[in-house]
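For the single chain, residues carry numbers from 1 onward in sequence order. When reading the values below, keep in mind they use all heavy atoms of this one structure, side chains included, and skip hydrogens, waters and symmetry mates.
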Amino acid sequence: MQTSTALAPGTTIAIVGAGRVGCVLAGALRAEGFDVLGPLRRDQSMPKADIALLCVPDRAIPAVAFVARPHVRFVGHVSGATSLDDVDFRFHPLQTFTGTEPPDVFHGIGAAVAGRTDEDRSVAEQLARVLGTRPFTVDDEHRASYHAAASFASNFVLTVLDAAEQLAVAAGIPEGEARELLTPLVGRTIENWARVGAQEALTGPIARGDEATVARQRSAAEEHDLQALFNALAVATRTIASREEESRGVLPRGVPSREGARENPLRDVAGEEKESSV
């Protein structure tokens, strides 16, 4: 166990929590040459270490941190939503994990870091860089917004993709092929969004004001109990479409304001049509 620099050679890191993130982190840190203990279950005895990195459910952080504190120099957690009240630092990799990823899964991804002191924050930043991530800071005031952004970018995307898969299967596409056929569309959509943003990347019937098609889509969604999701997404998509029109100085017919666009998911959206696309 080291007594000086936090991440010097020989630094001992105890990973507490044997779930998806804990298992992947343990493997990645070992690959970088650290002395890794664990991943440990929450009910196991806490060994002496330089750092305890808690990969446990948010509600368990206070109790596990209390147990770990006498045995380590620094206690950190990997939660994007939890404060630093019970730990010294936060290291939240902005990625989704299944638990089977290779050590290089961290290379190039973002990692939200924070610390109660400059030294604590330095530990989090060093940890992020050692794993090949891009550290960035989010203050406590905006922590909930940041975590919501991550949920929109990952969890809610899966909700939408599950609905797409259901409708594709209902259209007669074999269940085993639906995801395979939809994947290139999803991939290109994400590539376009990453390159030019949602306004420029948006295509489809709402973007081009094709209300007859929107109505038929809504009827199909309703047959599979997806009307509420369809309506909510249609409202949000109209807002994006209206932003593009407004940026060009054209207010779409039937959409007097963004507030008005939220009133009816099937409200007419005309204006200049985009090229017919998905």
Side-chain angles (χ1 to χ4, degrees), residues 1-82 84 86-138 147 150 153-154:
M1 178 172 155
Q2 295 294 309
T3 58
S4 55
T5 306
L7 294 187
T11 295
T12 302
I13 303 176
I15 303 295
V16 185
R20 298 178 181 184
V21 178
C23 289
V24 176
L25 260 177
L29 289 168
R30 281 196 181 96
E32 295 299 331
F34 290 101
D35 182 6
V36 177
L37 306 176
L40 307 168
R41 298 190 310 275
R42 281 179 278 165
D43 58 356
Q44 288 183 267
S45 298
M46 186 68 203
K48 287 287 185 181
D50 295 300
I51 299 170
L53 193 53
L54 311 186
C55 305
V56 299
D58 292 0
R59 64 182 179 278
I61 288 174
V64 178
F66 179 81
V67 172
R69 177 66 67 187
H71 305 281
V72 299
R73 292 180 60 207
F74 300 97
V75 179
H77 65 53
V78 299
S79 170
T82 306
L84 299 178
D86 300 288
V87 300
D88 302 310
F89 70 88
R90 172 188 304 116
F91 166 71
H92 179 251
L94 190 56
Q95 184 58 281
T96 181
F97 299 94
T98 64
T100 60
E101 290 83 2
D104 63 1
V105 67
F106 293 96
H107 293 183
I109 71 171
V113 298
R116 301 181 74 174
T117 68
D118 289 344
E119 185 182 18
D120 296 335
R121 185 172 62 255
S122 177
V123 171
E125 290 174 350
Q126 291 178 66
L127 186 63
R129 292 194 174 93
V130 161
L131 289 169
T133 72
R134 296 171 53 190
F136 62 94
T137 59
V138 177
H147 201 243
S154 179

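Within the structure, every pair that satisfies the salt bridge (Lys or Arg N to Asp or Glu O under 4.0 Å) test and touches residues 33-42, not counting sequence neighbours, is listed here: Arg41-Asp43. Counting only residues at least two apart or on different chains, no side chain to side chain donor-acceptor pair (under 3.5 Å) pair has a member in residues 22-34. Residue pairs that meet the salt bridge (Lys or Arg N to Asp or Glu O under 4.0 Å) test with at least one member in residues 59-69, sequence neighbours left out, are Arg69-Asp88. The ring-ring contact (aromatic ring centres under 6.0 Å, His included) contacts involving residues 108-128 comprise nothing, where partners must be two or more places apart or lie in separate chains. Among pairs with a residue in residues 102-112, none fulfils side chain to side chain donor-acceptor pair (under 3.5 Å), at least two apart in sequence or across chains.
Annotation for Phe66: atom CZ does not count as buried by contact number, only 12 or fewer foreign heavy atoms lying within 6.0 Å.
For Ser45, there are no side-chain hydrogen bond (donor to acceptor under 3.5 Å, both in side chains) partners at least two apart in sequence or on another chain.
Here the straight-line distance linking atom OG of Ser122 with atom CG of Leu7 works out to 8.0 Å at 0.5 Å rounding. Separating the NE2 atom in His147 from the OG1 atom in Thr82 is a distance of 7.5 Å, to the nearest 0.5 Å.
Contact between Cys55 and Val21 at its shortest, heavy atoms only, is SG-CG1, 4.4 Å.
Side-chain contact of Asp50 with Thr11: a donor-acceptor pair under 3.5 Å is absent, judged by distance alone.
Put simply, the side chain of Leu40 reaches to within 4.5 Å of the side chain of Pro47, judged on heavy atoms. In this structure, the side chains of Val123 and Phe91 stay at 4.5 Å or more apart for every pair of heavy atoms.
Under the 3.5 Å distance criterion, the side-chain polar atoms of Thr133 are matched with a main-chain donor or acceptor of Ala128. Here the side chain of Arg20 pairs no donor or acceptor atom with the backbone of Thr96 at under 3.5 angstrom.
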